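Down below is the structure, laid out as structure tokens.
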Amino acid sequence: MSAIEYELLHIDKNSGARTGVIHTPSGDIRTPVFMPVGTQATVKSVTPEELKEEINAQIILSNTYHLYLRPGYELVKEAGGLHKFMNWDRPILTDSGGFQVFSLSGLRKITEEGVKFTSHLDGSKHLFTPEKVMEIEEALGADIIMAFDECCAYPSDYEYTKKSMERTTRWAKRCKEAHTTENQGLFGIIQGGFYKDLREKSAKDLIDLDFPGYAIGGISVGEPKEEFLDILRYTAPLMPENKPRYLMGVGTPDYLIEAALAGIDMCDCVLPTRLARHGTALTSKGKVVVRNATYERDWTKLDEECDCYTCKNYTKAYIRHLVKTNEILGIRLLSIHNLRFLTKLMERVIIEIENDNLLGFREEFYSKYGYTII
RNA sequence: GGGUAGGUGGUCGAGUGGUUAAUGGCACCAGACUGUAAAUCUGGCCGCGAGAGCGUACGUUGGUUCGAAUCCAACCCUGCCCA
């Protein structure tokens with residue numbers, strides 16, 4: 001019995017989307033699920049208690065690279081692991097630093113052995129090998145840990161993408177060999193950029209390594225939506241049906257629905273908290289840039305359909321005032337709202353899948369939000 | 001009353017004869033944001049005009065000069081010091 005087990009509950013007869021449960025050492029996760037990102041052992045501006053009680057987040061992410069630099073993985077281990085350290089007793093997933101290979105591309109050097117990062121904090125050098133990443137992620141103690149990969153930039157040419165994907169596969173193998181803990185599930189990450197034959201090869205080779213879950217990485221990195229959907233719809237069906245399927249770095253409401261339609265179980269994104277810090281709310285009628293002057297005297301809630309703490313208590317005019325005056329509460333209220341919005345969206349997606357109506361829901365949601373179905 | 005420092009675009013504040021519709025910061029108005037180097041970044045911000053451009057503008061009035069926010073004179077106003 002692996003630390004992570006997937007239980008399939010229902011497949012939408014009309015779309016192929018699925019609901020299920022991921023069993024983890026820290027409890028069960030109903031899927032499809034949206035996972036808030038808490039890079040530095042905190043989902044920016046909200047407390048773990050709010051994540052549970054107000055937002056109903058089932059699982060959150062944290063980050064190997066950031067926690068390795070500060071406060072250090074030995075310290076987190078000494079604290080009793082991430083769960084204890086941050087007072088969050090539900091499941092946690094740690095990303096491996098593979099995204100930083102992409103986002104900090106000017107500060108790293110890739111070799112077969114691993115990636116040498118120049119710290120964005122103080123310029124110090126740190127070599128991340130698959131073995132080192134496993135050591136760190138095991139010390140952090142998340143329920144799900146990600147293999148060390150390279151998230152390729154968009155666009156990347158075929159030759160580079162192929163080389164990178166094959167190296168990611170070799171790194172996945174090394175991760176698996178180095179992984180020792182039994183209470184953590186190690187997920188493999190399918191790469192291959194925007195080339196279908198590479199995606200297929202990556203999926204096949206990783207499946208041979210028999211991970212308890214699989215992720216799609218390297219999309220949602222700046223490409224047009226058509227290309228995103230094309231690779232998503234091509235890759236998702238290559239993933240084992242009896243294991244969790246995780247689409248990394250998504251996203252916006254439409255991408256989340258598309259992911260569920262493609263049979264994805266898990267997504268994560270910084271967007272709700274980042275947008276909140278930048279003065280924007282996600283709502284059923286589209287984005288509301290509440291910082292804009294048009295809301296100065298708007299005495300209504302952010303979203304008429306929302307049941308969150310923020311919408312129960314505060315008006316757009318007040319939130320705009322907080323944002324314009326740089327008050328921390330503005331960020332907090334918007335973060336709570338945006339996180340609840342996406343969490344609630346996925347709760348609804350589960351219901352719609354169980355009613356075999358996710359396609360119908362997509363149409364309804366898109367038209368209200370202002371999206372066009374592609 | 002005497003002395004002294006100063007009055008610049010919404011605001012604070014550079015600029016001390018021409019390339020200055022006038023550096024910056026803030027405020028204001030928008031846009032971007034997708035496994036977080038992001039409470040960040042980008043653009044706009046005198047008026048009219050799609051634009052080239054035109055018109056106004058550095059306390060007020062006058063003067064010097066080919067040319068003034070910048071030099072001179074008078075006046076008005078403000079801060080500080082002395083009486």
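This one's a predicted model, so the numbers in the text were calculated from it and none came from an experiment. Just so it is clear: chains get the letters A, B, ... in the order the sequence lines come, proteins before strands, and each one is counted from 1.
- OP1 or OP2 of B/U36 sits under 4.0 Å from a side-chain N or O of A/Q100.
- As judged by a 4.0 angstrom heavy-atom cut-off over every strand, A/D268 is placed among residues touching the sugar-phosphate backbone only.
- Side chain of A/C151, nearest nucleotide from B/U36, B/U40, B/G35: B/G35.
- Side-chain atoms of A/I328 lie closest to B/A39 of the nucleotides B/A37, B/U34, B/A39.
- The distance between atom CG of A/L67 and atom P of B/G35, rounded to the nearest whole Å, is 16 Å.
- Side-chain contact annotation: A/H321 with A/Y295, donor-acceptor N/O pair under 3.5 Å absent.
- A/E112 and A/R167 are not joined by a salt bridge, as no carboxylate oxygen comes within less than 4.0 angstrom of a charged side-chain nitrogen.
- Of the two residues near RNA chain B, A/S96 and A/K324, the one whose nearest nucleotide lies more 5' is A/K324.
- A distance of about 16 Å separates the P atoms of B/G9 and B/A22, rounded to the whole Å.
- Of the side-chain N and O atoms in A/S103, one or more sit less than 4.0 angstrom from OP1 or OP2 of B/A37.
- Using a 4.0 Å heavy-atom distance criterion, A/L61 is classed as a sugar-phosphate-only contact.
- Salt-bridge check for A/E296 with A/K324: failed, with every basic side-chain N at 4.0 Å or more from each acidic carboxylate O.
- Counting any heavy atom pair closer than 4.0 Å across all strands shown, A/R70 reaches no nucleic acid atom.
- Between A/K162 and A/E166 a salt bridge is recorded (basic side-chain N to carboxylate O distance below 4.0 Å).
- Going from atom CE of A/M35 over to atom C1' of B/U36 covers 15 Å, rounded to whole Å.
- Residue A/R332 is tested with A/E327, A/E50, A/R277, A/H337 for a side chain to side chain contact (heavy atoms under 4.5 Å, CB included); the sole match is A/E50.
- At the heavy-atom level, A/I189 lies under 4.0 Å from base atoms of the strands shown.
- Side-chain proximity of A/T280 to the nucleotides B/C33, B/A39, B/C29 is greatest for B/C33.
- A/L107 comes within contact range of at least one nucleobase, with a heavy-atom separation under 4.0 Å.
- Nucleic acid contact class of A/S45 (heavy atoms, under 4.0 Å, all strands): none.
- Dashed line: the shortest gap from a side-chain N or O of A/K44 to OP1 or OP2 of B/A39 is not under 4.0 Å.
- The residue A/G218 sits close to a base: some heavy atom pair falls under 4.0 Å.
- A/L275 places its CG atom 16 Å from the P atom of B/C41, with the value rounded to the nearest Å.
- Between A/Q40 and B/U36, a side-chain N or O to OP1/OP2 separation shorter than 4.0 Å is absent.
- Between A/L342 atom CG and B/C33 atom C1' the separation is 14 Å, expressed in whole Å.
- The base of B/G35 has none of its N or O atoms less than 3.5 Å from a complementary donor or acceptor on the side chain of A/N63.
- Rounded to a whole Å, the CZ atom of A/F99 is 5 Å from the P atom of B/G35.
- Nearest heavy-atom pair, A/G251 versus A/L256, reported as atom, atom and distance to 0.1 Å: N-CD2, 3.8 Å.
- Only the C1' atoms considered, B/G79 is 15 Å distant from B/G59, to the nearest whole Å.
- Between B/A27 and B/U20, the distance separating the two C1' atoms is 24 Å to the nearest Å.
- Within 4.0 Å (heavy atoms only), A/Q191 reaches at least one base atom of the nucleic acid.
- Of all nucleotides listed (B/A38, B/C33, B/C29), B/C29 comes nearest to the side chain of A/A293.
- Mapping A/I331 and A/V270 onto RNA chain B by nearest heavy atom places A/V270 closer to the 5' end of the strand.
- In this structure, A/F341 and A/F365 have tilted ring planes: the angle between them lies in the 30° to 60° band.
- Among B/C28, B/G35, B/A39, the nucleotide with an atom closest to any side-chain atom of A/H278 is B/A39.
- Between A/T39 and B/U36 there is a side-chain polar atom (N or O) within less than 4.0 angstrom of OP1 or OP2.
- When rounded to the nearest whole Å, the span between CG of A/L104 and C1' of B/U36 equals 10 Å.
- Between the CG atom of A/D265 and the P atom of B/G35 there is a distance of 19 Å, given to the nearest Å.
- Connection of A/I11 to A/M266 is established within a shared hydrophobic cluster, with ILVMFWY side chains joined at heavy-atom distances below 4.5 Å, either directly or through further cluster members.
- By the 6.0 Å and 45° rule, A/K109 does not stack over the aromatic ring of A/F117.
- Spacing between B/G47 and B/C41 at atom C1', rounded to whole Å, works out to 30 Å.
- When base pairs are accepted only as Watson-Crick or G-U wobble with both N-N or N-O distances under 3.5 Å, RNA chain B takes part in stems of 3 or more pairs at B:1-7 with B:76-82, B:10-12 with B:24-26, B:28-32 with B:40-44, B:46-48 with B:53-55, B:59-63 with B:71-75.
- Salt bridge absent: A/D210 and A/K176 never bring a charged side-chain N and a carboxylate O closer than 4.0 Å.
- Side chain A/R274 to base B/A38: a donor-acceptor pair is found below 3.5 Å.
- The C1' atoms of B/G18 and B/A68 are separated by 9 Å, rounded to the nearest whole Å.
- Nucleotides B/A21 and B/A14 have their C1' atoms positioned 16 Å apart, rounded to a whole Å.
- Under a 3.5 Å cut-off, the side chain of A/H83 and the backbone N or O of A/R90 do form a donor-acceptor pair.
- Look at the C1' atom in both B/G49 and B/C54: the space between them is 9 Å, to the nearest Å.
- Applying the 4.0 Å criterion to OP1 and OP2 of B/G31, one finds that A/K287 has every side-chain N and O outside that range.
- For the C1' atom pair drawn from B/C29 and B/C81, the interatomic distance equals 45 Å after rounding to whole Å.
- OP1 or OP2 of B/G31 lies within a sub-4.0 Å distance of a side-chain N or O belonging to A/N292.
- No contact: A/R332 has no heavy atom under 4.0 Å from any strand.
- Per the geometry, CD1 belonging to A/I216 stands 19 Å off P belonging to B/U34, to the nearest Å.
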